[in-house]
Number of protein chains: 2
Amino acid sequence: MPYRLLIVEDSPELLEAVSDFFLEEGAGLWEVVTASDGNDALAKATGGSFDLMILDIMLPGASGFDICKAVRRKDDCPVIFITALGSENSILKGYETGCDDYLVKPFSTRHLYAKSLALLKRAKGGQVSEEIRCGDITLNKKTMLVKVKDREIQINSREYFLLLFLIENKGSVLTRKSILEHVWGDDLDVNDRVVDNTIRRLRESLAEAAGQVKTVIGRGYRISED
Amino acid sequence: MPYRLLIVEDSPELLEAVSDFFLEEGAGLWEVVTASDGNDALAKATGGSFDLMILDIMLPGASGFDICKAVRRKDDCPVIFITALGSENSILKGYETGCDDYLVKPFSTRHLYAKSLALLKRAKGGQVSEEIRCGDITLNKKTMLVKVKDREIQINSREYFLLLFLIENKGSVLTRKSILEHVWGDDLDVNDRVVDNTIRRLRESLAEAAGQVKTVIGRGYRISED
DNA sequence: AACGATATGTCGTCAGTATGTCATGAGATA
DNA sequence: TATCTCATGACATACTGACGACATATCGTT
């Protein structure tokens, strides 16, 4: 049940960059539909039901405003406008049509992503499931379930929070000290070796994906995509 | 996902020097946008979304304060002011407008860089990845990973901290004594020759980039850009 | 409360790796 | 040439992390 996202933008590079970012970062959270001209966008927007739309204003064919208005007649899917150099007028017009947020080019894709997530969360009443993926491992922060290659696996609490910490910092080497601080918190009257052992048990639980948890001798552990 | 940085400064030499320093030192960490007059800066500052701004106060067109005020209406990106006149008045005015730090000319570029990183780290909640580059070698202090020509290399703990010490003092010749003190710390009951040996092993690990680790006969070692 | 099941921390051992030491020789320096 | 400095290879040892086995702690069920 990924969220359906429509991105409308006439610059192919930007369209691809944004689309890729959502697919990469969201890892299964989004189903992305794209359009690069107004008429195509209008057809898709009124045809399918989307959870979020990102619309460029200046488009060949219908404008972003037209698309927004057409959609608003049907339902109230959240809309983010993208606009080239910030004339306040067109932004105001955007708010009249009922957009929920806007960004002025050039913008940071990460920023756009953050806004999208926030908007979606508000629209769904905080019910957005946030899945994080790392290679074959998928961790769902909301349901607290972990999958390896789409097969759900059994994992206990300590292992879960350790895995979460690893994945949230994927790529980075995490020292035992920082792992203890973040995963064990105040219960700091524990032996360093618990980390080793929990890592070991985590690897057992992860089965085929065990290899993704790398040991960096003398420094700590890290998780990688393969 | 580099951090977007806007630098506004009307002296072309200084503008280039600062911009270059960030690009060199940061190695992919920054995406730098520059402007040399107030109006251009105002357009860019309000147009794009930046993670950090460095603003000169005295500018043709709008002043640094104007730019800061305009930005603060939209979001709260951290701002560092550069000012020629060290008069307390204009500095105070800077803080009223809501700048996060300031520097009085002439200043050291390295100093500015350090302030920028600190500010960015605070704004992002400590999530800034710090990459340091030296020639073909890239060392990431956060992930503790080392790359040679964008290829990740295997490196052990002692070699890692030795390389870090070399790179943080790139250009300088480091004596065995100072290397021992910084990399080995308290374990000072070791032979001087461990340094030689660790340097040797480091060179092996660095492969093609081995040549960047220079021997300075009679004095010690240093790392260079080529 | 009593019981069992599971989760979690601790310990000892072992193998692999990292690291320190030494001997030797090449090259620089005087 | 004599001497000093560093590079290199070989070796010894210390260290680190993996693993198995065990001890508690926690939790749910009866």
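To find a chain, count down the sequence lines: A is the first, B the second, and so on, and within it residues start at 1.
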Hey, does the side chain of [X] come within less than 4.0 Å of [N]'s phosphate (OP1/OP2), counting only N and O?
X	N	value
A/W184	C/dT8	no
A/T215	D/dA18	yes
B/R219	D/dT5	no
A/Y221	D/dT16	no
A/N191	C/dC11	yes

Can we say [X] and [Y] salt-bridge, meaning some charged N sits less than 4.0 Å from an Asp/Glu carboxylate O?
X	Y	answer
B/R203	B/E159	no
B/K141	B/E168	yes
B/R193	B/D196	yes

Between the base of [N] and the side chain of [X], is there a donor and acceptor pair under 3.5 angstrom?
X	N	value
A/R176	D/dG17	no
B/R158	C/dG20	no
A/R193	D/dG17	yes

Identify which nucleotide among [options] has an atom closest to any side-chain atom of [X], counting heavy atoms from C-beta outward.
X	options	value
A/N197	C/dG20, D/dA7, D/dC19	D/dC19
B/V194	D/dA21, D/dC6, C/dG20	C/dG20
A/N156	D/dA18, C/dA18, C/dA7	C/dA7
A/R201	D/dC6, D/dG17, C/dG9	C/dG9

Judged by each residue's nearest nucleotide on DNA chain D, which is more toward the 5′ side, A/E204 or B/I217?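 Its nearest nucleotide being more 5', the pick is B/I217.
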
When you measure from the side chain of B/S224 to the backbone of B/D226, do you find a donor-acceptor pair of N or O atoms at a distance under 3.5 Å?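 Yes: the side chain of B/S224 pairs with the backbone of B/D226.
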
How long is the line joining CD1 of A/I199 and C1' of D/dG17, in whole Å?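 Nearest whole value for this atom pair: 11 Å.
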
In whole Å, what is the span from the CD atom of A/Q154 to the P atom of C/dT8?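 In whole Å, C/dT8 P lies 12 Å from A/Q154 CD.
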
Which is true for A/Y160 with a 4.0 Å heavy-atom rule: it touches a base, it touches only sugar-phosphate, or it touches nothing?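 Here A/Y160 touches no strand at all.
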
Is the A/F165 ring parallel, tilted or perpendicular to the A/H182 ring (thresholds 30°, 60°)?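 Correct class here is parallel.
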
